[in-house]
Peer 1: 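I'd like to ask some things about the structure below.
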There are 2 protein chains.
Amino acid sequence: MPPLRESTDKLLSPKQVAKAIGASESSLKRWCDQGLIKTVKTAGGHRRIPVHEALRFVREQNHAVVEPHILSMTATTDRKARRIEGVAERLTEALLSNNELTCRAIVFDMFLAGESVSRIFDDVVAAAFRAIGDKWEFHEAEVYQERCSCQIMLRLLHELRSHQVPPNPSCVALGATIEGDQYVLPGTMAEIVLRSVDWDARLLGTSIPFDSMVKAVETHSPELFWLSVSFIEDEAAFIAGFHRLSAAASKTKTAIVVGGRALTSEIRTRLSYSAFCDTMRHLEEFGKTMRRQTDIASQKSRKTRKNA
Amino acid sequence: MPPLRESTDKLLSPKQVAKAIGASESSLKRWCDQGLIKTVKTAGGHRRIPVHEALRFVREQNHAVVEPHILSMTATTDRKARRIEGVAERLTEALLSNNELTCRAIVFDMFLAGESVSRIFDDVVAAAFRAIGDKWEFHEAEVYQERCSCQIMLRLLHELRSHQVPPNPSCVALGATIEGDQYVLPGTMAEIVLRSVDWDARLLGTSIPFDSMVKAVETHSPELFWLSVSFIEDEAAFIAGFHRLSAAASKTKTAIVVGGRALTSEIRTRLSYSAFCDTMRHLEEFGKTMRRQTDIASQKSRKTRKNA
DNA sequence: CCATTAACTCGTTCAAATCGTTCTTACGGC
DNA sequence: GCCGTAAGAACGATTTGAACGAGTTAATGG
């Protein structure tokens, strides 16, 4: 539990407060100069607004708060938020206490700070859910808390996704989880990571039978198909199904990418795929490289077509 | 570096809203002053309108929307598109062909036209998914298409949810699906419906063991707990678990609401609950009535406290 | 610890937007 | 016709927000 002290004397810049309450920086500065908001000044003459002052102003003026997390977080929006240390722990805490605003603040602060989604997912989101899983094992967290955390995170992921630039429709990637695997978060994160490197990635959904994946591959001929494997019910069936998928993919020249904690190295030796990704960063790298190659290939084929 | 779009409840000026709905700025100002549109004011006295307020006004007054993008909505301005007839079929088609934009337009058209979310869900979304289920039975649709449709719809639901007016945190409702039931859409729709009638409704998640629901009820003491039952693995276990949940709920004075296609009347006779909802419209009605009673009760208790 | 550098903030100016108000126009009922 | 009501245009006074060069802060890398 982070100490509550200094939550009230935390200082914000006019720009931050402006963003928090949905006004322009100019107006904020004017209101400060008019005395509507009391400010502290730095040695160099910059205005600094204590959080409690900002909150008082909001209450007195009945002003709206557009980005509440800026005013409610104790230590964030500094460049420090960029530092990974402690962020995963804070996210864990926020998820377990059902504090969606704080979760949002943590994820979006990193995103806005220019952190790649793959890093956010690997170092913060995945770490937080590992921690929640551990707590559950030691009976320090309830199943419903874990599920509820997934709900919160899924909403955040969808919001993040909606902020991404619309993908280039020329490069289609499809993804799925296998039958019996209900973990939607890893697949969704993979989708977002691939979209961040300009793939038109679409997660088909969770718990999809291999034969239906085969149909999807045959119908859409994606350049890439990713399989997120968090849980394997029947190992033999998995391997057999995977081979059928592999066969279909080789016909459509679809690259198969696999990942997920259920894929032990023992199992992996019995599969054949284009790439195995331990982390979202790996997936991002692979996605990038493959896009480059695909671009070159499509340029060539365009040239060929032009020549013909 | 990353392109950030507008925040969730952005503030709009009267002029922007006027443009969005094709009215004059003067009229907008009058409507604000009459209280038809709630506004917040800047320190300098300028009116600012939250997006969700603008949406609420449009929906309640059944006002036309000329430029939906200002309200961060994609919609056709075609008023004919709002008729229910044929909409479910169009949605089915759009879902199966993976046309997310069309799906979005269909849903948001109805939403902007003032259709209640419960009607949209009952008559269009549920109908579309029934149709998809039928097609699957007759081998006219693949499993992956159904799953992919769920993904699309879930994204739309989350977006819809983000445009609702922020809920009154005083009235908490929790919801879940039982262990083995992976259908997230009905539960999410229930959440949105309850939020539309001012409940602070939160879906804990899918596939939650009864004992964890009991923990959630004991921890949060919600006024209402809803159970969406699309699939029952083990009938005896279900009934036993439900009784445990019932017992916990009666201790915290939590009303239990059940719904879902797996609850045959035969099973229902063996359960005891506050309400069974066949449709989202039923749930909305029940939610409304119960809120009224809760409000009265809390007023009374406030009075009592005052007298004491 | 200090220098470097990128990002942020300062104070100012100015155009555009908004305020409250008044006036004109349009529409429907009696 | 005439009244009441609602919509929209017009207007001077005020507020807001974007832009700018100069100066400050703080993250980074010795």
Side-chain angles (χ1 to χ4, degrees), chain A residues 6 9-51 53-54 57-58 60-67 70 75-87 109-116 119, chain B residues 1-4 6-7 10-51 53-54 57-58 60-67 70:
Chain A
E6 83 164 311
D9 28 21
K10 169 131 215 297
L11 296 178
L12 299 168
S13 72
K15 192 178 195 176
Q16 288 175 301
V17 177
K19 192 185 251 181
I21 69 179
S24 72
E25 194 187 331
S26 295
S27 297
L28 240 292
K29 290 193 289 188
R30 201 176 330 102
W31 295 336
C32 289
D33 294 346
Q34 288 173 2
L36 294 172
I37 305 176
K38 273 183 218 145
T39 60
V40 185
K41 294 254 179 145
T42 66
H46 284 196
R47 303 175 188 84
R48 287 298 122 95
I49 303 161
V51 172
E53 251 305 294
F57 174 75
V58 167
E60 272 185 18
Q61 302 284 330
N62 228 357
H63 206 292
V65 181
V66 177
E67 301 274 354
I70 296 178
T76 181
T77 21
D78 283 342
R79 291 241 146 41
K80 271 187 198 155
R82 232 186 256 194
R83 308 196 154 274
I84 303 291
E85 40 184 90
V87 178
D109 277 349
M110 292 188 70
F111 183 66
L112 290 176
E115 207 59 80
S116 70
R119 268 186 78 92
Chain B
M1 192 63 170
L4 175 68
E6 71 284 348
S7 93
K10 207 178 134 188
L11 298 177
L12 300 170
S13 70
K15 192 179 196 175
Q16 287 175 293
V17 177
K19 195 175 183 189
I21 70 180
S24 73
E25 197 187 323
S26 295
S27 297
L28 242 292
K29 290 195 287 189
R30 199 171 337 100
W31 294 334
C32 288
D33 294 345
Q34 287 173 358
L36 293 173
I37 305 177
K38 273 185 216 142
T39 61
V40 291
K41 296 260 183 127
T42 65
H46 285 198
R47 301 175 187 86
R48 288 295 124 96
I49 302 162
V51 171
E53 255 302 299
F57 175 76
V58 166
E60 273 184 16
Q61 304 285 323
N62 206 12
H63 207 293
V65 178
V66 181
E67 302 203 27
I70 296 178

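This one's a predicted model, so the numbers in the text were calculated from it and none came from an experiment. Below, chains carry the letters A, B, ... as their sequence lines are ordered, and counting in each starts from 1.
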Peer 1: For B:Ser26 and for B:Gly45, locate the closest nucleotide of DNA chain D by heavy-atom distance; then report the residue assigned to the nucleotide nearer the 5' terminus.
Peer 2: B:Ser26
Peer 1: Would you check if B:Ser13 and B:Arg47 make a side-chain contact, meaning some heavy-atom pair closer than 4.5 Å?
Peer 2: no
Peer 1: Ignoring the backbone of B:Ser24, work out which of C:dA17, D:dA9, D:dT16 is nearest its side chain.
Peer 2: D:dA9
Peer 1: Let me know the distance between CD of B:Gln16 and P of D:dG17, rounded to the nearest Å.
Peer 2: 10 Å
Peer 1: If you compare every side-chain N and O of A:Trp31 against the phosphate oxygens of D:dT15 (OP1, OP2), does one of them come in below 4.0 Å?
Peer 2: no
Peer 1: Has B:Thr42 got a side-chain N or O lying under 4.0 Å from the OP1 or OP2 atom of C:dT18?
Peer 2: no
Peer 1: Does A:Ser27 have a side-chain nitrogen or oxygen under 4.0 Å from the phosphate oxygens OP1 or OP2 of D:dG17?
Peer 2: yes
Peer 1: Nearest-Å distance, CG (A:Leu12) to C1' (D:dT25)?
Peer 2: 16 Å
Peer 1: I want to check something: taking the side chain as every heavy atom from C-beta on, are B:Val65 and B:His63 in contact at a cut-off of under 4.5 Å?
Peer 2: no
Peer 1: Between D:dT15 and A:Arg30, is there an OP1 or OP2 to side-chain N/O distance shorter than 4.0 Å?
Peer 2: no
Peer 1: Under 4.0 angstrom, heavy atoms only, what part of the nucleic acid is B:Arg47 near: base, sugar-phosphate, or nothing?
Peer 2: sugar-phosphate
Peer 1: Just N and O in the side chain of A:Ser13: are any of them under 4.0 Å from OP1 or OP2 of C:dC8?
Peer 2: no
Peer 1: Pick the closest DNA chain D nucleotide for B:Glu25 and for A:Ala43 by heavy atoms, then say which residue is nearer the 5' end.
Peer 2: B:Glu25
Peer 1: Starting at atom CG of A:Asp33, determine the distance to atom C1' of D:dT16, rounded to an integer number of angstrom.
Peer 2: 15 Å
Peer 1: Would you indicate what B:Lys29 reaches in the nucleic acid, counting non-hydrogen atoms under 4.0 angstrom: base, sugar-phosphate, or nothing?
Peer 2: base
Peer 1: Do A:Phe57 and A:Ile21 come within less than 4.5 Å of each other through their side chains, counting heavy atoms only?
Peer 2: yes
Peer 1: Looking at D:dA19, C:dT9, C:dT18, which one has an atom nearest to any side-chain atom of A:His46?
Peer 2: C:dT9
